[in-house]
Amino acid sequence: MKQKSVFVCTECGNKSPKWMGKCTMCGSWNTMEEEIMTPEPPSKGGGISLAPAAVPKKIKDIDSSCEIRTSTGMSEFDRVLGGGLVKGSFVLVGGDPGIGKSTILLQICRHLGKSASILYVSGEESPNQIKLRAERLNITTENLKIYSETNMNYIKNAIASENPDIIIVDSVQTMVNPEIGSSPGNVSQIKDVTSSFMRIAKDNGISVFLVGHVTKDGAIAGPKILEHMVDTVLYFEGERQQSYRILRAVKNRFGSTNEIGVFEMESDGLHQVPNPSEALLSGRPDKNAGSCIVCSMEGTRPVLAEIQALVSPTNFGNPRRMTQGPDLNRVLMLLAVMEKQSGLHISSYDAYVNIVGGFRVSETASDLGIIMALASSFRSTPLDKGLVAIGEVGLTGETRSVSFLDVRISEAEKMGFTTCVIPYNSSKKLRRFDKIEVVPVRHIRDAINKFL
Ligand code: TYD
Ligand code: MG
């Protein structure tokens with residue numbers, strides 16, 4: 001058979017018969033890689049499956065009790081999965097190198113291994129390395145088998161003979177189907193390997209965890225279709241230098257995608273952080289200008305986090321603006337609103353905004369807190385240590401209401417805060433709070449003048 005080669009863009013999966021420096025589909029440079037294609041046998045039936053198809057069923061006749069969930073032994077992990085691991089589900093776990101993907105998947109074997117047999121297929125580490133890590137993590141289960149292999153043919157045989165309940169594949173980018181000729185990590189390899197594991201999961205009711213590397217802009221390397229194929233996509237994120245790690249669902253057929261699990265990396269593995277607010281606020285210094293507490297909803301859970309801002313005169317040229325945690329564009333907008341609406345002439349100052357602990361906040365409910373932190377640094381005046389600021393800020397400097405305000409204020413009250421600044425519009429519908437004073441403000445000017 002004559003072999004044909006095509007060039008596939010590693011960014012978007014665009015195929016071209018010729019090599020090109022720039023992909024015509026997504027515009028990326030130097031992303032076209034050669035792949036050898038083996039022609040597929042012509043399918044019968046004109047592309048329509050003629051297998052004895054399932055018949056349409058009334059929804060009330062469909063059995064839903066087949067959704068069996070097993071606990072991973074880590075409630076933070078279970079929460080992100082929507083309440084435990086669903087039998088036969090296919091979970092993709094993405095994250096930066098060294099963030100702890102292999103560690104957490106090995107750690108859940110400790111509990112899962114009590115009731116299920118697990119096959120851990122690694123294309124990245126030798127059995128020795130995994131054993132050493134497992135010893136450090138104190139994983140002694142009898143039901144865990146390690147298999148260092150990357151050839152899909154051998155892996156399929158091993159799965160058939162071992163018949164495990166759970167398979168962990170570390171990582172999809174290292175696995176190869178030798179019939180496809182292209183090298184591991186290529187778009188066609190990733191697609192093929194994923195669909196093989198998918199078939200294994202769905203046909204035998206085996207739960208599969210697939211580790212995926214991420215590219216430099218944070219998406220899982222491989223074709224976009226990868227995320228459509230799987231049931232659940234989890235991202236493991238955090239700053240490598242800092243110890244907090246956040247497991248976040250970005251797609252979940254079996255639960256909400258808003259939930260997060262918070263972990264801390266220590267010398268004996270990842271530990272759950274059941275109360276992230278407490279952890280994120282510990283070690284907060286007294287009387288520091290440029291710090292303000294906000295409350296962000298992570299799924300159903302309110303999390304208090306500290307925003308730190310540093311504002312200092314620009315020495316030359318354009319002012320620098322940097323963020324770690326909050327969205328840079330949002331902060332640029334808030335700086336413009338401050339300049340125009342609050343009378344603080346911040347445009348000739350550099351501004352840096354951080355969230356302590358490597359946490360990321362994308363919610364607009366932290367707008368007011370970011371502005372308060374910036375204003376506090378600008379005026380070199382610390383805010384009251386018991387203050388929390390919640391609210392979205394509009395372009396005219398007005399405060400706007402946010403969802404779940406009651407829940408957020410309760411969390412602040414529970415953590416011992418004494419004052420909570422909120423948007424004026426939301427103040428009428430609120431319940432009464434005993435231990436925390438709720439201060440509604442209409443405009444960022446009011447908030448700044450009152451507390452700074
Ligand atoms: P790892 O799980 O290998 O990351 P990934 O599979 O996502 O690439 O995590 C490795 C990092 O975690 C490594 O830098 C060392 C650190 N680590 C600890 O701090 N404590 C531990 O107990 C373990 C196992 C790893
Ligand atoms: Mg790894």
Side-chain angles (χ1 to χ4, degrees), residues 237-246 260 262 264 273 275-298 302-315 319-339 342 344 346-393 402 408 411-412 415-421 444 447-448 450-452:
E237 40 189 60
E239 300 299 325
R240 191 123 59 104
Q241 300 81 5
Q242 280 161 337
S243 58
Y244 292 112
R245 301 281 186 272
I246 289 155
I260 60 163
V262 184
E264 191 171 8
V273 180
N275 190 345
S277 300
E278 193 180 333
L280 285 171
L281 298 182
S282 65
R284 194 179 160 221
D286 280 349
K287 299 240 172 284
N288 267 16
S291 152
C292 183
I293 304 299
V294 295
C295 187
S296 156
M297 290 302 291
E298 298 291 346
V303 175
L304 294 170
E306 181 186 352
I307 304 270
Q308 289 192 335
L310 178 68
V311 176
S312 67
T314 304
N315 280 329
R320 278 179 72 95
R321 271 79 210 269
M322 275 170 63
T323 62
Q324 200 175 35
D327 178 44
L328 177 62
N329 287 326
R330 191 78 195 168
V331 171
L332 293 178
M333 189 202 95
L334 295 174
L335 284 163
V337 172
M338 280 176 85
E339 173 78 21
S342 73
L344 301 184
I346 207 164
S347 64
S348 55
Y349 286 76
D350 293 344
Y352 305 89
V353 183
N354 273 2
I355 297 180
V356 175
F359 216 71
R360 242 171 261 178
V361 166
S362 50
E363 250 198 338
T364 51
S366 9
D367 289 355
L368 190 57
I370 294 175
I371 287 187
M372 297 289 278
L374 285 163
S376 158
S377 176
F378 184 79
R379 292 199 166 163
S380 303
T381 312
L383 287 160
D384 182 60
K385 205 176 176 219
L387 182 97
V388 177
I390 303 169
E392 183 179 327
V393 173
V402 297
R408 299 179 203 248
E411 173 75 6
M415 297 301 297
F417 286 86
T418 48
T419 314
C420 186
V421 195
I444 56 168
I448 294 172
K450 199 168 169 74
F451 294 101
L452 287 168

Determine whether [X] and [Y] make a side-chain contact, defined as any pair of heavy atoms from C-beta on separated by less than 4.5 Å.
{"X": "L368", "Y": "V421", "value": "yes"}
{"X": "F417", "Y": "L304", "value": "yes"}
{"X": "E278", "Y": "M415", "value": "yes"}
{"X": "V303", "Y": "C295", "value": "no"}
{"X": "V337", "Y": "I444", "value": "yes"}
{"X": "T418", "Y": "L387", "value": "no"}

Over all heavy atoms of both residues, which pair between C292 and G369 is shortest? Give the atoms and the distance, please.
CB-O, 3.5 Å
If every non-hydrogen atom of I346 is compared with every non-hydrogen atom of R321, which pair is closest and at what distance?
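Here I346 and R321 meet closest at O-NH2, 3.2 Å.
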Under 3.5 Å, is there a donor-acceptor pair between the S243 and E264 side chains?
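Yes, side-chain donor-acceptor contact under 3.5 Å.
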Listed partners of R320 passing side-chain contact (heavy atoms from CB on, under 4.5 Å), at least two apart:
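R320: side-chain contact (heavy atoms from CB on, under 4.5 Å) contacts with M322, D350, Y352.
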Looking at residues at least two apart in the chain, or sitting in another chain, which of them share a side-chain contact (heavy atoms from CB on, under 4.5 Å) with N329?
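Expected list: D327, L332.
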Would you compute the distance between atom NZ of K385 and atom OG1 of T419 and round it to the nearest 0.5 angstrom?
13.5 Å
Spatial distance of atom NZ (K287) from atom CG (L383) [nearest 0.5 Å]:
10.5 Å
Sequence neighbours excluded, every pair satisfying side chain to side chain donor-acceptor pair (under 3.5 Å) that has a member inside residues 361-376
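Applying side chain to side chain donor-acceptor pair (under 3.5 Å) to every pair that reaches into residues 361-376, excluding sequence neighbours, yields R330-D367, E363-R408, T364-E392.
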Steps toward side chain to side chain contact (heavy atoms under 4.5 Å, CB included) verdict (V294, I370):
CA-CA 8 Å; V294 295; I370 294 175; 5.5 Å; no
Would you please test L335 and S347 for side chain to side chain contact (heavy atoms under 4.5 Å, CB included) and show each step?
CA-CA 8 Å; L335 284 163; S347 64; over 6 Å; no
